[in-house]
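The next block holds one structure in the form of structure tokens; read it before the comments.
Order of the sequence lines sets the chain letters (A, B, ...), proteins ahead of strands, with each chain counted from 1. Just so we're clear, the structure is a prediction, and the values are computed from it rather than from any experiment.
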Amino acid sequence: MDFLQPATWEEALEAKAAARDAVPIAGGTDVMVGMNFGRLRPSLLLDLTRVPELQQWADDDGAVRLGAGVPYARVISELGDRLPGLAMAARTIGSPQIRNRGTVGGNLATASPAGDAHPALLAADAEVEVASVRGTRRIPVTEFYRGVKRSALADDELIAAVRIVPPRGPQQYSKIGTRNAMVIAVAAFGLALHPDRRAVGTGIGSAAPTPRRAPAAEEFLAGELDGLWDSRAELPAATATRFGEMVAAAAAPIDDVRGTARYRVHALSVMARRALTWAWADYRKGDPTCA
Amino acid sequence: MSTPTRTPSGAPSHLSGAGGRVGDDAARPDGVLKVRGEFAYGSDLWMDDMLWGVTLRSPHPYARIRSIDIGGALAVPGVHAVLTSDDVPGEKVYGLELADQPVLALDVVRYQGEPVALVAADHPDTARRAAARIVVDYDVWEPVTDARVALGHPTWNQLHDAPAEVTELSRESANLHPHGNLVRHLKVRRGDPEPTADVVVVGEYEVGMQDQAFLGPESGLAVPGEDGGVDLYVATQWLHVDQRQICAALGLPPEKVRLTLAGVGGAFGGREDLSMHVHACLLALHTGRPVKMSYNREESFFGHVHRHPATMRYEHGATRDGDLVYVRATIYFDGGAYASSTPAVVGNGGTMGIGPYVVPHVHVDCYGAYTNNPPCGAMRGFGSVQTAFAYESQMDALAAELGMDPVDLRCRNAMEQGSEAITGQVVDSPAPVVELLRRLEAMPLPPEVPTGDDVDLRDMPGGVSNTTHGEGVRRGVGYAVAYKNVAFSEGFDDYSTARVRLEVVGGEAVATVHTAAAEVGQGLVTVEQQIARTELGVDRVTVHPKDTAVGSAGSTSASRQTYVTGGAVKAACEAVRARVLERAQAVVGRPVADLRLDGGKVVSDLEGVALPLADVLGDEVVEETLEWRHRPTEAVDPETGQGFAHVQYAFSAHRAVVDVDTELGLVKVVEMACTQDVGRAINPQAVIGQIQGGTAQGLGLAVMEEILVRDGRVQNPSFTDYLIPTVLDMPPMRVEILEYADPHAPYGLRGVGEAPNISSGPAVLAAIRQATGLPLTRVPVRPEHLTGT
């Protein structure tokens with residue numbers, strides 16, 4: 001196995017173009033596990049931790065451009081106010097050690113249906129900025145996930161950043177695990193209310209071959225909220241319940257060692273109902289962030 | 001006995017430590033090293049010219065081996081040896097109680113992960129790649145995966161909606177072993193065989209397969225000796241029983257198989273059976289090079305025995321007033337492919353299977369069966385953990401049926417000193433079951449469920465995963481009490497050996513304690529020092545590395561080492577002291593009645609004599625080695641289960657307070673309270689540590705810990721999916737320690753380690769049941785059970 005440690009983004013892209021089966025590594029919380037268990041034997045390991053621009057985030061054209069190598073711990077401490085949904089997701093990840101190492105870029109590169117960041121990114125309409133020696137392109141995150149651990153990334157491309165517009169409305173994130181910390185999601189749900197656009201964003205994790213949105217539930221809720229955005233009136237309980245059921249209906253889970261398909265569907269309906277209740281209560285209080 | 005000419009780095013060294021006598025919170029001599037990450041565990045062993053050994057394991061739970069072709073592996077550059085069962089020079093099968101397990105697979109593999117072949121190479125990766133080139137031709141058979149099916153018994157578990165279909169087993173494979181699939185059937189018969197009662201409750205219960213989940217995987221280093229023997233440094237639990245089995249497999253006498261305990265990262269029973277011991281020795285003797293073997297986490301799940309899963313049916317009969325009249329119980333332990341310690345687990349499960357209660361009429365059948373599931377053997381609580389879930393659930397069900405308070409019902413029927421156990425054995429030391437329960441009841445309860453804006457997610461079911469801010473959360477409180485035999489039972493010759501030396505080093509009297517008792521993290525090395533300081537009145541006590549250069553100490557299991565090895569160290573110290581005092585009287589020139597050793601001096605309170613011990617000893621080295629036994633036990637009657645089976649009982653009780661998110665099926669244990677009678681707390685801080693650790697392990701089994709096995713295959717061999725409690729799962733504890741001396745035991749002490757592991761889980765289950773109103777007959781309880789999904 002060869003090991004390359006490019007110092008610049010250009011060098012990294014050239015290396016990836018030259019060796020398309022190279023496996024990029026940032027925090028190593030997925031790659032090293034795969035290697036230690038003999039499931040991953042890359043011919044070339046491309047260490048991206050020395051590329052400065054990947055370790056930074058910045059405001060860019062109304063969005064936060066989050067470098068692919070920024071660890072979850074910094075998402076929580078530095079971006080908790082601007083990207084509340086993603087920060088809530090980051091808090092549920094692993095242990096402090098894992099949050100110090102793991103990155104949103106790595107979560108996207110692995111593209112596991114159980115990746116904790118995905119539901120928050122989906123709900124927030126994030127874009128993935130990918131690059132190669134051929135140039136840079138932005139992929140809406142809804143189009144990024146292509147199958148179990150498959151993404152829209154071409155074999156000469158690397159993930160540069162994630163772009164997320166800081167929300168004007170409340171966001172929520174919930175995740176089920178069978179213990180109270182350090183657990184892989186049995187099911188997860190991300191919610192973003194967009195009062196400026198009169199729209200609703202959702203994200204479902206660990207309950208389908210890929211992370212996915214619940215478009216019918218979003219449309220239903222946007223319609224129900226149509227008369228409520230301005231009045232900030234109480235949300236009928238039946239609306240939250242129906243929203244939960246429609247989110248659950250968008251899932252296509254399986255039975256596995258972590259949980260049954262039936263439980264996942266049930267849990268999504270409860271999580272979506274509760275998340276909406278909390279988000280709407282925050283909206284009524286005029287508090288856009290609710291972490 | 002020769003000493004090795006070379007020792008590896010990472011081999012143990014002598015431990016000395018700060019002060020502390022019996023009853024003090026003495027600090028561990030290995031504590032600072034462990035906290036700093038400087039303690040050398042078995043996986044840290046190293047010699048520059050060593051080879052790495054790996055194991056090829058069966059992918060099938062049950063298959064006949066048609067042929068093994070090792071040619072491909074031998075051709076890999078860097079490979080020094082590829083071995084199969086043909087290369088085992090001595091006995092080809094081994095076992096703790098029954099020799100039924102092949103060192104390397106013979107003609108049939110009986111569980112997924114059974115060792116088939118070994119490779120030694122100059123790099124572990126090379127060895128793994130070479131092992132993958134060994135071609136094994138398997139004739140795959142249908143596995144036997146249910147203990148009752150294996151025994152041809154009907155299945156009655158209500159958890160399966162329909163009666164399980166009996167697998168059509170082919171004639172040649174229906175029995176795993178020539179003697180059939182029954183490992184042991186223990187019967188307890190007492191009183192009227194056909195009793196009747198006013199109130200009857202029946203329950204069927206199931207306990208999943210728990211893993212010891214120790215942090216340091218199996219590891220060791222075998223060094224070939226110039227005498228044709230071998231020195232093995234290994235993380236293990238019982239050096240001498242390992243030595244016996246290794247000698248048999250290698251065809252070598254004990255003086256040529258020398259074992260030294262490497263740093264052990266937890267055991268909990270999982271190291272009582274051999275793992276890589278014989279394998280590393282075979283490779284070392286074959287190659288003439290030191291060979292290291294160290295399992296990774298996944299292999300570790302296949303490399304040691306687990307806790308027996310159990311299916312149990314209980315029927316309790318009582319008077320309207322709540323007096324127990326009878327208990328009928330049928331208990332099945334799934335022993336997996338090989339016997340390991342299944343016979344003793346059946347012994348415990350049966351003879352203590354109804355809990356610490358007095359019952360006139362008892363009918364227990366306890367079975368251990370062979371199946372093609374992973375082998376199961378020793379784990380903390382050993383046969384009692386499983387039955388406690390059943391009998392304590394029954395006590396709660398009976399209380400509900402009678403409209404009684406569950407604690408009152410338990411106290412009404414509790415065992416006390418002088419009671420007869422169901423074996424007919426009179427409990428001849430304190431049995432404060434009632435006091436343990438009443439003290440728990442008297443403890444204050446934690447604050448109510450937090451709600452509203454003040455909610456700290458870490459206090460909620462689901463934790464920071466943000467699944468509830470109080471919605472759906474209901475609180476429950478549950479109680480459980482347990483008892484457990486201490487040390488080895490049923491007539492086993494259970495002893496330990498201690499060598500204690502007293503000499504002057506640098507002008508100061510120093511004691512050295514040498515035993516073969518495995519320190520696995522529990523703190524025995526501290527206890528050995530405390531006893532020597534107490535008995536010899538010296539401050540400096542050194543613990544010699546644990547090895548087979550001294551006689552057996554027995555196993556570090558069954559809560560027995562402080563009792564048995566502690567007893568041996570005490571007795572050896574007394575023998576040393578007698579010689580020193582004799583010498584002191586010679587110095588004084590006449591007998592002195594009240595001489596004792598204290599503060600590095602020989603003291604007489606009456607005469608004011610205070611000779612420095614260093615002066616009395618001079619150049620003399622006083623050393624005594626002796627074997628020490630607890631009072632004998634006896635085998636139980638094979639037809640009635642009656643007899644003096646156990647040397648001592650340990651008692652503990654728990655109160656669990658839980659919050660359950662009843663909509664999502666998530667559980668937050670809010671508080672665990674424990675009361676335990678320890679006879680005498682030799683090291684109170686270590687006792688509390690044992691209670692906290694045992695409580696966490698029991699809680700884990702109640703709500704999350706299970707090796708999931710489907711068709712004989714393990715589904716979750718990693719800490720990604722085999723979950724153990726985190727700091728957000730294990731709550732703060734209230735602990736009260738009682739010290740009612742057992743007059744038969746050294747210092748009056750009782751074994752501590754297992755009892756809290758037994759009562760904790762049933763208390764959690766009872767609390768979840770109270771919070772949800774669900775019957776909950778299986779552990780671990782999963783969110784699916786709580787939500788009907």
Side-chain angles (χ1 to χ4, degrees), chain A residues 1 33 35-39 41 76 85 88-96 99 114 116 172-190 240 244 253 255-271 273-275 277-278 281 285 290-291, chain B residues 125 128-129 132 296-299 453 457-472 661-669 700 703-708 710 714-731 780-789:
Chain A
M1 186 187 78
V33 174
M35 287 173 58
N36 285 337
F37 278 93
R39 290 192 287 265
R41 289 195 172 276
I76 297 166
M88 292 170 90
R91 281 191 198 99
T92 74
I93 293 171
S95 59
R99 293 193 290 275
D116 290 312
Q172 280 292 338
Y173 180 91
S174 299
K175 162 178 150 181
I176 303 273
T178 38
R179 72 178 164 196
N180 291 317
M182 273 180 68
V183 70
I184 291 182
V186 172
F189 178 69
D255 291 336
D256 65 16
V257 291
R258 294 175 194 145
T260 64
R262 272 182 73 196
Y263 176 71
R264 289 182 155 106
V265 168
H266 167 76
L268 274 172
S269 75
V270 176
M271 282 193 290
R273 164 162 52 82
R274 289 181 182 174
T277 309
W278 301 331
K285 281 188 275 182
C290 46
Chain B
D125 233 25
R128 274 191 286 272
R129 280 189 292 112
N296 68 16
R297 180 59 59 193
E298 183 172 353
E299 186 172 20
D453 293 341
L457 288 177
R458 291 170 298 183
D459 297 333
M460 292 280 114
V464 294
S465 292
N466 189 40
T467 47
T468 180
H469 299 171
E471 297 89 341
D661 183 336
T662 53
E663 271 192 293
L664 286 174
L666 301 179
V667 175
K668 169 77 180 177
V669 181
V703 297
M704 66 182 82
E705 291 191 39
E706 183 175 7
I707 294 183
L708 296 161
R710 196 169 65 213
V714 175
Q715 306 294 304
N716 55 340
S718 76
F719 283 162
T720 306
D721 285 311
Y722 184 88
L723 301 181
I724 55 178
T726 70
V727 71
L728 286 189
D729 300 286
M730 176 62 198
V781 175
R782 293 186 58 88
E784 284 85 350
H785 301 150
L786 298 174
T787 54
T789 55

Can you tell which part of Leu664(B) gets under 4.5 Å to a heavy atom of chain A, answering side chain, backbone, both or neither?
both
Taking all atoms of both residues into account, what is the closest heavy-atom pair of Met704(B) and Ile724(B), and its distance?
SD-C, 3.5 Å
With chain A as the partner, which of Val727(B), Thr726(B), Thr720(B) has the greatest number of non-hydrogen pairs under 4.5 Å?
Thr726(B)
Salt bridge (charged side-chain N to carboxylate O under 4.0 Å, His left out) partners for Arg262(A), two or more places apart:
none
How long is the gap from CG on Leu268(A) to CD1 on Ile176(A), to the nearest 0.5 Å?
8.0 Å
Atom group of Val667(B) that falls short of 4.5 Å from chain A, counting heavy atoms:
backbone
Tell me, out of Ala181(A), Ala261(A), Gly38(A), Ala89(A), who's got the most heavy-atom pairs with chain B below 4.5 Å.
Ala181(A)
Nearest non-hydrogen partners of Gly177(A) and Val183(A), listed with the distance
CA-CG1, 3.5 Å
Under a 4.5 Å heavy-atom cutoff, which of Val265(A), Thr92(A), Asn180(A) has the most pairs with chain B?
Asn180(A)
Less than 4.5 Å to any heavy atom of chain A: does that hold for the side chain of Pro461(B), its backbone, both, or neither?
backbone
Between Arg264(A) and Asp256(A), does any NZ, NE, NH1 or NH2 come within less than 4.0 Å of an OD or OE carboxylate oxygen?
yes
Chain B contacts, top residue of Met182(A), Met271(A), Arg179(A), Lys175(A) (heavy-atom pairs, under 4.5 Å)
Arg179(A)
For Arg39(A), does the CZ atom have more than 12 heavy-atom neighbours from other residues, nucleotides or ligands under 6.0 Å away?
yes
Side chain, backbone, both or neither: which part of Arg782(B) has a non-hydrogen atom closer than 4.5 Å to chain A?
side chain
Heavy-atom pairs under 4.5 Å with chain A, option from Arg458(B), Glu298(B), His469(B), Glu299(B) with the top count
His469(B)
Any ion pair linking Asp459(B) and Lys668(B) (charged N to carboxylate O, less than 4.0 Å)?
no
Which region of Leu723(B), side chain (C-beta onward) or backbone (N, CA, C, O), has a non-hydrogen atom less than 4.5 Å from a non-hydrogen atom of chain A, or is it both or neither?
both
At a 4.5 Å cut-off on heavy atoms, which part of Phe189(A) comes close to chain B: side chain, backbone, both, or neither?
neither
Need one label for Thr787(B): side chain, backbone, both or neither, based on atoms under 4.5 Å from any heavy atom in chain A.
side chain
All salt bridge (charged side-chain N to carboxylate O under 4.0 Å, His left out) counterparts of Asp125(B), not counting sequence neighbours
Arg41(A), Arg128(B)
